[in-house]
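Atoms within each ligand, like the ligands themselves, are counted from 1 in listed order.
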Amino acid sequence: MIEFEIPAEVEALRERVREFVREVAIPAEREDTEEHGIAPELRTRLQVEAKAAGIFAPQLSTELGGHGLDMRGTAVIFEEAGYGLLGPPALHCAAPDEGNMHLLDVVADADQRRRYLEPLAAGDVRSCFSMTEPAPGAGSDPSMLLSRAERVDGGWSISGRKWFITGAEGAAFTICMADSEDGPTMFLVDTENPGWRVERLIDATDRVFTGGHAEVVFEDCRVGEEAVLGGVGEGFRYAQVRLAPARLTHCMRWLGAARRAHDFALDRAASREAFGKPLGELGMVQERIAASELDIETSRLLIYRCAWELDQGRPARHESSMAKAYVAEATWRVVDRAIQICGALGVSGDGPLARLMNEMRPFRIYDGPSEAHLWAISRRALRRRAAERETAETP
Ligand SMILES: Cc1cc2nc3c(=O)[nH]c(=O)nc-3n(C[C@H](O)[C@H](O)[C@H](O)COP(=O)(O)OP(=O)(O)OC[C@H]3O[C@@H](n4cnc5c(N)ncnc54)[C@H](O)[C@@H]3O)c2cc1C
């Protein structure tokens, strides 16, 4: 039986997060004017307030200072945090730190936990995840990985170029994917390593991720054996550990942002009149409102469904692909419809929609573009049907 009942303690936490987002995170958006990510001082101030409110890093285990939420509880809370653009960084549940904490929690050994996970979980440092490479390297197709890790005396030498590395500027360490003679491997690299450098910050439509997005270079970057995260040659397997939940948590947060866009459009449709009646009484506006209601509800159900699979301890690859492919497109449709309903106000800085549009657009590309997920979904469907034909169970 699939169970979506929200426990009382999660409901109570949701109320506190909702109040924090309304009273603290959304008003702070006025101060958030940096080009490449939220200013470090603003992020720190918001995190101090989130700690005081007892809502900091709620997804983490209680040993790491969180609320020990399961994935369904996380879905409820992250949607609420995502209602404000600064909710996720304030609550320390934004990418890439959130995904990195999850990966480290599952894979890191005792020393790595002490050195990397504990300070990251406390919010004392930031991290980044270095996988994507500029052409002709790995993007949607991870097998095109060009970064190399060679065995040297006492450890490894990593060389390669990565781009769109969110949060690289100002991070204390990165998790880097590089190919080795034994296959793709993940390494923990301190950013004070002389073999690592941030080459440039990339202008992008979004600007809410702390540190922005950077092109980075690993040049004869020397690390010891203890830098290997998990096993040598296990990089792609661990990438799945990170990516399936991480793409789902993106869905949760952006669903909150889509709900905010929709609420703004609903308020406008009720208050603005044209042709002698409120916009909300015009049929084509009503159709857009209904379509967005359906997109929001369907997105939430796909997220909860995948969260439930993950809570059963299953990898949920198919479910997370379906959620990512659907939610990225659906939340984009919601914000686009909201803008259309609001007319010129929608594309102005007088409301939140223009910024939400810029922040949400890249979600259709990162953590696998929609097409890559649709492709994977259809391949699984074809395989499933082929297996059914083989066993001839289905006529
Ligand atoms: C804002 C942002 C933040 C990011 N942060 C990080 C980060 O922190 N760390 C990191 O490692 N990476 C990060 N990325 C990179 C992101 O994961 C890649 O952009 C993504 O995997 C796609 O790779 P690509 O851009 O090279 O596109 P390409 O691989 O060049 O693909 C281009 C397009 O081809 C089409 N396509 C791809 N596959 C298929 C298919 N199977 N069938 C049909 N069409 C297809 C899609 O339309 C796709 O958009 C970030 C990207 C963005 C935009």
**Prompt:** Can you tell if the side chain of Gln240 reaches within under 4.5 Å of the side chain of Pro315, non-hydrogen atoms only?
**Reply:** no
**Item:** Phe363 and Trp254 aromatic ring geometry - parallel, tilted or perpendicular at 30°/60° bounds
**Value:** tilted
**Request:** Please assess Ser320 against Arg247 for the test side-chain hydrogen bond (donor to acceptor under 3.5 Å, both in side chains), listing each intermediate value before the final yes or no.
**Result:** CA-CA 7 Å; Ser320 81; Arg247 67 172 76 106; 2.9 Å; yes
**Item:** Protein contact to atom 2 (C) of ligand 1 [nearest heavy atom, distance to 0.1 Å]
**Value:** Tyr366 CD2, 3.4 Å
**Asked** Heavy-atom distance under 4.5 Å between the side chains of Arg148 and Ile158, does that happen here?
**Response** no
**Message:** Within this structure, what is the CD-CZ distance for the pair Glu359 and Arg207, rounded to the nearest 0.5 Å?
**Reply:** 6.5 Å
**Asked** Is at least one protein non-hydrogen atom found at under 4.0 angstrom from atom 11 (O) of ligand 1?
**Response** yes
**Request:** Taking atom 32 (C) of ligand 1 as the reference point, report whether a protein heavy atom occurs under 4.0 Å from it.
**Result:** no
**Request:** For the residue pair Arg197 and Glu199, establish whether any side-chain heavy-atom pair is separated by less than 4.5 Å.
**Result:** yes
**Request:** Could you check atom 24 (P) of ligand 1 against the protein and tell me its nearest heavy-atom contact, residue, atom and distance included?
**Result:** Gly139 CA, 4.0 Å
**Protein heavy atom at shortest distance from atom 37 (C) of ligand 1** = Ser140 OG, 3.3 Å
**Item:** ligand 1 N/O within reach of Gly368 N/O, cut-off under 3.5 Å
**Value:** no
**Asked** Would you say Arg380 and Met322 make side-chain contact, with heavy atoms under 4.5 Å?
**Response** no
**Complete:** Quick look: Pro369 vs ligand 1, heavy-atom contacts under 4.0 Å, and the answer is side chain
**N or O contact, Glu371 vs ligand 1, cut-off under 3.5 Å** = yes
**Test of proximity, Ala372 against ligand 1: N or O pairs below 3.5 Å** = no
**Asked** So do the side chains of Arg259 and Phe264 get within less than 4.5 Å of each other, counting heavy atoms only?
**Response** no
**Close side-chain approach of Arg161 and Glu215, heavy atoms under 4.5 Å** = yes
**Item:** Shared hydrophobic cluster, Leu229 / Phe236 (ILVMFWY, side-chain heavy atoms < 4.5 Å)
**Value:** yes
**Complete:** Quick note on ligand 1: atoms under 4.0 Å from a heavy atom of Thr166 include exactly 3 (C), 4 (C), 5 (N), 6 (C), 7 (C), 8 (O)
**Message:** Out of all atoms in ligand 1, which are within 4.0 Å of some heavy atom of Phe129? Include the element for each.
**Reply:** 7 (C), 8 (O), 9 (N), 10 (C), 11 (O)
**Request:** Would you check whether Thr132 has a nitrogen or oxygen atom less than 3.5 angstrom from a nitrogen or oxygen atom of ligand 1?
**Result:** yes
**Prompt:** Between Phe164 and ligand 1, is there a nitrogen or oxygen pair with a distance under 3.5 Å?
**Reply:** yes
**Message:** Counting only heavy atoms closer than 4.0 Å, does ligand 1 sit against the backbone of Trp375, its side chain, both, or neither?
**Reply:** side chain
**Request:** Indicate, as side chain, backbone, both or neither, the part of Lys162 found under 4.0 angstrom from ligand 1 when only non-hydrogen atoms are considered.
**Result:** neither
**Asked** Taking atom 25 (O) of ligand 1 as the point of reference, which of Asp367, Leu374, Ile365 owns the nearest heavy atom?
**Response** Ile365
**Message:** Among Arg361, His213, Arg355, exactly one meets side-chain hydrogen bond (donor to acceptor under 3.5 Å, both in side chains) together with Asp206. Which residue is that?
**Reply:** His213
**Request:** List every atom of ligand 1 that sits less than 4.0 Å from any heavy atom of Asp206, numbering the atoms from 1 in the order shown and giving each element.
**Result:** 1 (C)
